[in-house]
Amino acid sequence: MTKDKKKLLSGDGLTFILVTALFFTACAGVLTDDRTASDGVRAGLDSCLGELLPSLFPFMFLSAFAAEYGISEQLGRLLSPVTRLLFYLPGEAGVTVLFSLVGGYPVGAVGIASLRKRGVITPSQAARMLCFCVNPGPAFLIATVGEDFFGDRRLGVLLFLSQTAASVVVGATLGFAARIKSRKKRADKPANQGKTGYTFAGIRRRDLASAFVSAAKSACTSAVSLCSLVVLFSAFSPLLMKALGVSRSTLPGVILGCILEVTDGTAAAAAMRLPIRAAALAAGWGGLCVHFQVYAASSHNGKTACPPLRFMCARAVTGGLSALLLRYAGEFFAPAAAVFSNIEHTAARPTALTFTSSAALLLSSVLFTLFIDEGGDRANKPEDHLRIWDPRL
């Protein structure tokens with residue numbers, strides 16, 4: 001076998017062949033069925049402007065501002081005992097862990113990249129954090145998935161609690177394993193990390209104006225990247241389903257939707273009246289769209305913080321554990337559910353006011369990214385029906 005053939009049959013060569021085949025398939029799909037792609041783009045924009053941006057952007061900004069202004073270091077001193085004991089991480093990483101649990105999928109990845117860039121955590125610690133610091137936020141799980149998709153806000157609360165608990169369990173397990181490993185090697189500590197787990201060299205703080213603008217630019221860049229990926233996946237996912245002969249209203253279509261993009265997948269699961277555990281699996285997995293966002297946000301010097309296979313396994317374990325916890329939570333919490341109603345719950349669409357304000361926010365994000373320098377109605381709820389313990393758990 002020649003050298004060129006060996007390269008072609010290697011992992012990178014097979015990946016290139018697969019991506020090239022998908023590329024020409026996508027080109028053919030856009031040329032022959034542009035209406036499907038256009039509808040997908042509109043749906044992606046509605047999702048970004050009506051749901052994702054309003055809920056994620058504030059946390060993106062706050063996470064970046066905490067790092068820029070030195071707040072994360074101050075809070076890290078308070079969180080250091082818990083962070084080191086539970087996750088075996090430097091104290092300053094505690095703020096990123098906390099924000100990742102309540103801020104949404106990309107927030108944790110952005111914070112990890114910042115910690116790694118400043119030398120607060122090692123590459124191995126960054127890879128470990130990425131396995132449990134990528135989580136859906138409460139606004140998405142409670143308001144969108146629970147209330148809009150499944151028609152019960154309490155289901156969203158249980159979903160959020162199960163996701164949080166699953167992430168903490170995964171993080172604590174990885175921390176325990178890292179502690180055992182470090183006792184054998186004693187070689188997993190950054191040069192600027194003290195014994196108590198935070199930086200002793202003083203608080204690295206920028207002036208308020210610079211920190212504010214820099215955090216806004218960082219949040220805007222992340223928001224534009226997030227929306228771009230969501231729109232692209234919303235445009236090409238229907239084309240892929242058509243090429244495979246899969247309908248979104250069938251179980252294979254729901255599974256494929258969950259694998260690709262979490263918002264579309266959970267909406268399809270709710271439309272098919274699947275148990276909320278299906279949404280837990282999808283939210284824990286996150287979808288390939290979220291995976292790409294995380295890879296891009298957490299990369300450092302052209303390298304991802306965590307190997308893709310390890311990251312995917314961690315996401316699958318988190319989703320499975322969340323579904324398991326949600327199953328047993330149904331024995332203690334019993335949200336009422338209508339069982340003799342044929343009313344279908346559909347996702348709420350953004351109002352004109354929401355769309356306009358969110359579009360203005362996206363436009364400002366683009367302007368920040370391009371011109372600022374570094375230096376310087378709800379789903380209907382059935383009522384008056386026979387109610388029993390919710391079978392959707």
Side-chain angles (χ1 to χ4, degrees), residues 11-12 15 63-64 67 72 76 79-80 82-101 103-136 163-164 166-193 197-199 218 222 225 229 284-322:
D12 291 340
T15 300
S63 178
S72 60
L79 297 174
S80 179
V82 176
T83 306
R84 288 189 60 81
L85 178 64
L86 191 60
F87 304 116
Y88 195 57
L89 291 169
E92 191 176 344
V95 177
T96 298
V97 175
L98 179 62
F99 273 48
S100 73
L101 295 174
Y105 288 113
V107 174
V110 173
I112 292 170
S114 178
L115 292 173
R116 188 179 178 188
K117 181 179 179 181
R118 292 184 287 125
V120 177
I121 57 176
T122 63
S124 62
Q125 289 172 334
R128 181 154 50 89
M129 288 184 66
L130 208 62
C131 290
F132 68 96
C133 290
V134 177
N135 304 288
Q163 289 284 325
T164 302
S167 296
V168 171
V169 169
V170 171
T173 303
L174 293 175
F176 177 77
R179 189 185 300 272
I180 297 301
K181 184 178 180 180
S182 67
R183 286 177 179 175
K184 297 179 181 180
K185 296 185 177 181
R186 299 291 181 183
D188 193 32
K189 187 181 294 185
N192 65 339
Q193 179 180 313
Y198 54 81
T199 304
S218 177
S222 300
S225 176
L229 287 170
W285 166 254
L288 294 179
C289 180
V290 169
H291 294 193
F292 287 160
Q293 297 169 29
V294 170
Y295 297 153
S298 62
S299 62
H300 182 66
N301 293 332
K303 297 181 180 180
T304 57
C306 182
L309 182 59
R310 187 192 307 177
F311 177 78
M312 291 181 179
C313 289
R315 300 318 308 155
V317 170
T318 302
L321 184 57
S322 174

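Here Phe99 pairs with nothing under the ring-ring contact (aromatic ring centres under 6.0 Å, His included) rule; sequence neighbours left out. Partners of Ala127 according to the side chain to side chain contact (heavy atoms under 4.5 Å, CB included) rule, which considers only residues two or more places apart in sequence or in another chain, are Cys306, Arg310. For Ser322, the side chain to side chain contact (heavy atoms under 4.5 Å, CB included) partners two or more places apart in sequence, or in a different chain, are Ser162, Gln163, Ala166, Ala280. For Phe87, the ring-ring contact (aromatic ring centres under 6.0 Å, His included) partners are Phe132, not counting sequence neighbours. Taking the side chain to side chain contact (heavy atoms under 4.5 Å, CB included) definition, one finds that Arg179 meets it with Tyr88, Arg183, sequence neighbours left out. For Leu79, the side chain to side chain contact (heavy atoms under 4.5 Å, CB included) criterion is met by Thr83, Val95, not counting sequence neighbours.
Between the side chain of His291 and the backbone N or O of Trp285, at least one donor-acceptor pair lies under 3.5 Å. Arg315 contributes a side-chain N or O that, together with a main-chain N or O of Gly284, makes up a donor-acceptor pair within less than 3.5 Å.
At least one side-chain heavy atom of Leu288 sits under 4.5 Å from a side-chain heavy atom of Met312. Contact of the Gln293 side chain with the Ser225 side chain is not registered, since no non-hydrogen atoms from C-beta on lie closer than 4.5 Å. A heavy-atom distance below 4.5 Å is not found between the side chains of Leu229 and Val290. A heavy-atom distance below 4.5 Å is found between the side chains of Leu101 and Ser167. When side chains are defined from C-beta on, Ile112 does not count as touching Gln125, because their heavy atoms never get closer than 4.5 Å. The shortest side-chain heavy-atom distance between Val107 and Asn135 does not fall under the 4.5 Å cut-off. Residues Met129 and Leu89 meet the side-chain proximity criterion, which asks for heavy atoms closer than 4.5 Å. No side-chain heavy atom of Cys131 sits less than 4.5 Å from a side-chain heavy atom of Phe311.
When all heavy atoms are compared, the tightest approach of Thr96 to Gly108 is CG2-O, 3.8 Å.
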Please list, one pair per line, the donor and acceptor atoms closer than 3.5 Å that link side chains of residues 170-178 to other protein atoms, with sequence neighbours excluded.
unit_1 : atom_1 : unit_2 : atom_2 : d
Thr173 : OG1    : Val169 : O      : 2.8

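For Ile180, the CD1 atom sits in a packed shell: over 12 heavy atoms of surrounding residues, nucleotides or ligands are nearer than 6.0 Å.
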